[in-house]
Amino acid sequence: MRIARFTTGDEPQYGVVTGDVDDLGIPADDTVLVGLAGDPLYVGVQLTDTEVPLSDVRLLAPVLPRSKVVGIGRNYAAHAAEMGGDVPTEPLMFLKPNTSVVGPGDPVFYPRQSHELHYEGELAVVIGRICRDVAPERVADVVYGYTVGNDVTARDLQRGDVQFTRAKGFDSFCPLGPWIETDLDTSDLRVTTHLNGDVVQDGRTKDMVFDVATLVSYVSSVMTLLPGDVILTGTPEGVGPMQVGDEVEVTVAGIGSLTNKVVSRD
Ligand code: MG
């Protein structure tokens with residue numbers, strides 16, 4: 001099931017995306033959204049009799065993390081190598097504030113403080129239940145679903161700061177979308193990033209150093225996870241700069257594509 005959050009100009013609402021998608025998760029032209037009563041994370045999937053063509057809505061970030069977005073650094077060996085670092089022996093965690101989350105089509109603002117803004121296309125895990133100390137074999141019980149993320153990073157600030165908070169934490173640095181896929185085998189999904197139509201990242205989740213179950217279990221051994229929390233699972237190799245005016249599209253096969261444009265802060 002694919003669950004989107006959208007607006008037709010009024011209050012944001014949730015809906016189930018109907019119809020078939022192709023191998024890249026791209027929906028057919030006649031796809032409709034069936035409206036839901038309330039937030040399905042909290043009240044379950046309660047279908048209404050409202051149907052809206054997907055082409056008539058503006059999609060929003062499919063989840064608003066109430067507490068946190070957890071990032072994972074250097075979780076693909078080839079990316080660790082391009083960053084000049086070793087593969088971590090344990091998952092390398094950092095936090096992005098929930099205020100960094102934006103949705104499909106929203107602008108990514110180029111901060112005045114940076115001169116090197118990078119895309120990082122990633123598979124994102126959405127937590128569905130409050131949990132702590134989850135064993136890897138129980139992780140499926142606490143995962144609500146998966147979406148696509150772009151872990152936007154001010155690389156120059158990341159190099160200069162000891163902590164990642166500033167480099168990863170600006171408003172608009174966590175695009176999420178287009179929707180949440182609740183049924184997905186994440187063991188070998190293609191993750192691609194296009195910059196202005198050119199392929200710049202092309203990886204597979206089977207090359208993760210730590211898989212989804214290991215990551216969720218590990219993070220939950222450090223901090224309680226709440227419904228709506230998001231874990232970004234790391235980026236494949238091929239990270240690189242974006243300029244004002246660039247369009248960046250991240251695709252995770254089986255979920256869909258997330259497109260955002262870089263806009264000047266001024
Ligand atoms: Mg990342």
Side-chain angles (χ1 to χ4, degrees), residues 61 63 65 68-88 90-102 108-111 114 116-127 146-177 186 189-195 200-212 214-216 218-219 222-223 229-242 246 248-252 255 257-260 262:
V63 60
K68 54 197 169 290
V69 176
V70 180
I72 303 294
R74 303 204 303 263
N75 196 33
Y76 290 77
H79 171 61
E82 74 179 350
M83 296 294 289
D86 293 330
V87 171
E90 291 182 279
L92 177 63
M93 291 171 54
F94 59 90
L95 287 173
K96 289 169 87 80
N98 56 2
T99 42
S100 64
V101 172
V102 292
V108 169
F109 290 106
Y110 203 123
S114 173
E116 191 182 1
L117 189 67
H118 278 203
Y119 53 81
E120 293 189 2
E122 310 196 4
L123 170 70
V125 182
V126 181
I127 300 298
Y146 303 91
T147 190
V148 181
N150 188 344
D151 177 20
V152 176
T153 302
R155 195 69 72 200
D156 49 352
L157 304 185
Q158 187 185 29
R159 276 195 299 268
D161 294 355
V162 175
Q163 304 289 333
F164 288 0
T165 306
R166 183 167 66 136
K168 300 275 193 179
F170 285 92
D171 289 359
S172 79
F173 270 28
C174 190
L176 295 174
T186 61
L189 299 173
R190 188 177 185 187
V191 180
T192 51
T193 303
H194 288 76
L195 187 67
V200 287
Q201 292 188 286
D202 190 356
R204 303 200 71 97
T205 56
K206 70 176 171 56
D207 295 321
M208 286 183 183
V209 178
F210 304 104
D211 65 11
V212 167
T214 305
L215 291 177
V216 174
Y218 184 89
V219 174
V222 177
M223 56 186 75
D229 282 352
V230 170
I231 299 176
L232 299 172
T233 59
T235 197
E237 69 176 315
V239 297
M242 302 183 288
D246 283 353
V248 60
E249 179 187 47
V250 181
T251 302
V252 177
I255 304 176
S257 294
L258 168 69
T259 303
N260 300 87
V262 181

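Counting convention: from 1, in listed order, for ligands and their atoms alike. Predicted model, so just to flag it, every value in this text is computed and none were measured.
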- With the Mg ion (ligand 1) as the centre, enumerate protein N/O/S atoms below 2.8 Å in chain and residue order. Glu120 OE1, Glu122 OE2, Asp151 OD2

Between [X] and [Y], is there a donor-acceptor pair closer than 3.5 Å when you use the side chain of the first and the backbone of the second?
X: Asn260; Y: Val248; value: no
X: Asp246; Y: Val262; value: no
X: Gln201; Y: Pro236; value: yes

- Are Arg74 and Glu82 within salt-bridge range, i.e. N to O under 4.0 Å? no

- Query: Is a side-chain donor-acceptor pair under 3.5 Å present for Ser114 with Asp156?
  - Reply: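 A donor-acceptor contact under 3.5 Å links the two side chains.
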
- Straight-line distance of Ile72 CD1 to Thr214 OG1, nearest 0.5 Å: 10.5 Å

